Amino acid sequence: MIVAPYALGDPVNDHGVWSLSNSGGGEAGYVFETGLLAPLPGFSGQAINILVLIDLEGRFIETRLLDHNEPIFVSGLGEAPLRAFLEQYRGHSIAEPLVVGTPYGAGGAGSDLVFLDGVTKATASVRIAHESILAATLAVAREKMQGVKAGPAPRPDPDHAEHLDWQTALEQRLIGHLSITNAQADAAFAGTKWANDDSFDDPEAAFIDLYVVDLGPPAIAQAVLAPETLAEVQRFTSRAPDDELLLLIEAGRHGLVSDDFVRNTAPDRISAEQDGLPQALRDADILPTLAANTPPAFEDATKMILRMDRRLGFDPTRPWELTLQAVRMHGQFQPEAGAAHFSVTLQTPERFFLRPEAPAALSPFAEALRNRATDLYGLAGLLVALFGALLAQSRLAGLRAFPAVRLMILSAVVLFVGFWGQGQLSVVTILAVLRGLKGGGLEVLLYDPFGLMIWGAAILGFILWGRGFFCGWLCPFGALQEFAHHIGRFLRLPEIEPPRSYGRALLWTGPVALVALLTVAVLAPEHAEAAAEVEPFKTAITMQFDRPWPYVLWAGGWIAVSAVWFKGFCRSLCPLGAAMRLGGLLRIRRWIPRRAQCGSPCQLCRVRCRYDAIARSGEVRYSECFQCLDCVRIHDDPRQCVPLILEEKRMRNAA
């Protein structure tokens, strides 16, 4: 799983974290699995296990899928979209505020957030994978990489005014100074083969006389740079505002870089470190001219400006080390290099910087809310309108255009709630809740606020009307079946209704399917997702029939059946419908108006009910009612309701 130029090193703890080695055998980073460090449960109840490789600066080298059991990727989209999502982490740092979504709204363009493209139809599963990666990587960073932290680094304060010159800055230790004499350098090589490979006349003369100046704060830069160089530095920082520029002046005889150094690359003899972690240095390709008040000896000194990236965890207000490598060569024909290292510690005072507040780390639920804000507002508007209309059911059913209004609402349910919003409820969610209750957490539900809002509406519908609110008005697959039945009538297909006794028996197939699914989930959870394919919802709504032919045949077959048998799947095999019947027990009132004559002698509503939800006695069986309002329409219409027609006739005869 780990390819060149990297190799697996030694284990660094007992939590599955291993060191990562580079081609030279040196430490290059860390390797770990999210399933061991952050086993967040997905919809299957199992964690999405991802192999993560990070370097010593907290950048993602690789994020690779190991195993998972997410339903949408197992038997839906396939693993390719999930693997493509994971590729986006490469090159990003754990220090960056990474979020899944699109840059709009309050957290949109212009913020410090880094957005990763999600996967359509699998938003919740992708967020679970993202949270697993962040949680596991931050755990490693806190333990092994103390310098890597999420949140923005301090930025130089452009408004901080302070009169400084070279001498004042030196006295206030705003300028780092490393002084190594020839004798000290010679002592560093004592006892090695390079001990006699340098010659000098004065042991106390400067071998290294290095000055380091942080040019980030404008007040310090103005004190040490000539106006033309200062202007060039300002232009550079305007293009690269996250870079911290460093001025290096070496007035000794050693120099800063080798003769092979190429400008605008990493210096070969200079390195930096903070909190035990290396910091990347790079030449800024600026030839500096110093201010007039700097020491005259600097005229012949070696000068260069380097750049460091604050986004990678570098904080100039905390101590860090700059190290200069002194090199000696031994031999004539194939000289062998030896090195000694000399370091200077630097820290720029906090007063020169602004420390912006880190973007507040949003909970997965809050992040999902932000990314689906527009969809949630639209859904809320639809639900409010639907609740309002059904609370005034007599007026709604009495509209002359009621059939057209109903079809418009069902169209919005199919297109917006189903195909666009991916809000088709499923028995899979019920299984996930049961697993969460067993495992002690229901966080998986928070990754899909759109579906959670529909579940909330369905539960409120249970209290007001029973199962009919969801099954009759808010189920995208149920709406598809109803459209299929209307198409069947338009095509003049025969309308088939099973014998009443057989139809009553079919009502038990849904509860049997629900019990079977629950049994599989408890006794053989590894087969639960396959068993849940008895629901055609994933194929028809989530995947929009983009699946292998057996799944398409199953889902399309039920829609075809609905063209001749009204909503056949809803009235027979649907395990979710069986669960909705149980939810309907929460109903607090009988909302369908009835008269004493209903059932005796009038049987019109029972005969017209396409769900067979009205008993011969005229009583409504709410566990089977889909709230189509046909019986309400008949009940309130003096031209259809038989008791009203007879009463009008009696009054006319009496008159």
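Just so you know, these numbers come straight off a predicted model, no measurement behind them.
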Within a strict 4.5 Å, meaning less than it, do heavy atoms of the [X] and [Y] side chains meet?
{"X": "Leu138", "Y": "Ile94", "answer": "yes"}
{"X": "Phe189", "Y": "Asp198", "answer": "no"}
{"X": "Glu244", "Y": "Pro217", "answer": "yes"}
{"X": "Phe450", "Y": "Leu376", "answer": "yes"}
{"X": "Leu20", "Y": "Ile54", "answer": "no"}
{"X": "Leu322", "Y": "Leu281", "answer": "yes"}
{"X": "Arg253", "Y": "Phe207", "answer": "yes"}
{"X": "Arg269", "Y": "Ser258", "answer": "yes"}

Pairs where residues 174-184 contributes a residue and the test salt bridge (charged side-chain N to carboxylate O under 4.0 Å, His left out) is met, not counting sequence neighbours: none
Other residues, nucleotides, ligands: >12 heavy atoms within 6.0 Å of Asp268 CG: yes
Atom CG of Asn196 with >12 non-hydrogen neighbours under 6.0 angstrom: no
For Arg155, the option from Asp315, Asp243, Asp242 that meets salt bridge (Lys or Arg N to Asp or Glu O under 4.0 Å): Asp242
If I compare all heavy atoms of [X] with all of [Y], which pair ends up nearest, and what's the gap?
{"X": "Ala337", "Y": "Val327", "value": "CB-CG1, 4.3 Å"}
{"X": "Ser19", "Y": "Glu27", "value": "CB-OE2, 4.3 Å"}
{"X": "Thr302", "Y": "Gly255", "value": "OG1-CA, 4.3 Å"}
{"X": "Phe73", "Y": "Pro81", "value": "CE2-CB, 4.3 Å"}
{"X": "Ala223", "Y": "Ala291", "value": "O-CB, 3.8 Å"}
{"X": "Leu256", "Y": "Ile270", "value": "O-CG1, 3.7 Å"}

Please report, to 0.1 Å, the donor-acceptor pairs under 3.5 Å made by any side chain of residues 340-353, with sequence neighbours excluded.
residue, atom, partner, partner atom, Å
Ser343, OG, Thr323, OG1, 2.7
Gln347, NE2, Thr317, O, 2.8
Thr348, OG1, Asp214, OD2, 2.9
Glu350, OE1, Arg355, NH2, 3.4
Glu350, OE2, Arg355, NE, 3.1
Glu350, OE2, Arg355, NH2, 3.2
Arg351, NE, Glu162, OE1, 3.0
Arg351, NH2, Glu162, OE2, 2.9
Arg351, NH2, Gln172, OE1, 2.9

Aromatic ring proximity Phe298/Tyr211, centre distance under 6.0 Å: yes
Spacing of [X] atom [atom1] and [Y] atom [atom2] [to the nearest 0.5 Å]:
{"X": "Gln422", "Y": "Thr542", "atom1": "CD", "atom2": "OG1", "value": "5.0 Å"}
{"X": "Phe60", "Y": "Ile133", "atom1": "CZ", "atom2": "CD1", "value": "6.5 Å"}
{"X": "Asp448", "Y": "Phe365", "atom1": "CG", "atom2": "CZ", "value": "10.0 Å"}
{"X": "Leu178", "Y": "Glu250", "atom1": "CG", "atom2": "CD", "value": "8.5 Å"}
{"X": "Arg239", "Y": "Gln234", "atom1": "CZ", "atom2": "CD", "value": "12.0 Å"}
{"X": "Ile61", "Y": "Leu53", "atom1": "CD1", "atom2": "CG", "value": "5.5 Å"}

Exercise: do His254 and Asp209 side chains pair donor with acceptor under 3.5 Å: no
Step-by-step side-chain contact (heavy atoms from CB on, under 4.5 Å) determination, His130 to Phe85: CA-CA 9 Å; His130 174 67; Phe85 168 77; 4.3 Å; yes
Is it the case that the side chain of [X] and the backbone of [Y] share a donor-acceptor pair, with hydrogens and angles ignored and the cut-off at 3.5 Å?
{"X": "Thr34", "Y": "Ile48", "result": "yes"}
{"X": "Gln88", "Y": "Asp117", "result": "yes"}
{"X": "Arg328", "Y": "Ala195", "result": "yes"}

Trace of the side-chain contact (heavy atoms from CB on, under 4.5 Å) decision for Glu529 with Val428: CA-CA 8 Å; Glu529 307 307 328; Val428 172; 4.0 Å; yes
Stepwise side-chain contact (heavy atoms from CB on, under 4.5 Å) check, Arg127 with Asn371: CA-CA 11 Å; Arg127 292 190 188 284; Asn371 281 280; 3.2 Å; yes
Reference residue Pro288; test side chain to side chain contact (heavy atoms under 4.5 Å, CB included); the match among Ile249, Leu245, Thr229: Thr229
Chi angles and distances behind the salt bridge (Lys or Arg N to Asp or Glu O under 4.0 Å) call for Asp285, Arg307: CA-CA 9 Å; Asp285 200 16; Arg307 55 194 290 192; over 6 Å; no
Verdict with supporting geometry, Val31 and Leu51, side-chain contact (heavy atoms from CB on, under 4.5 Å): CA-CA 7 Å; Val31 185; Leu51 183 73; 3.7 Å; yes
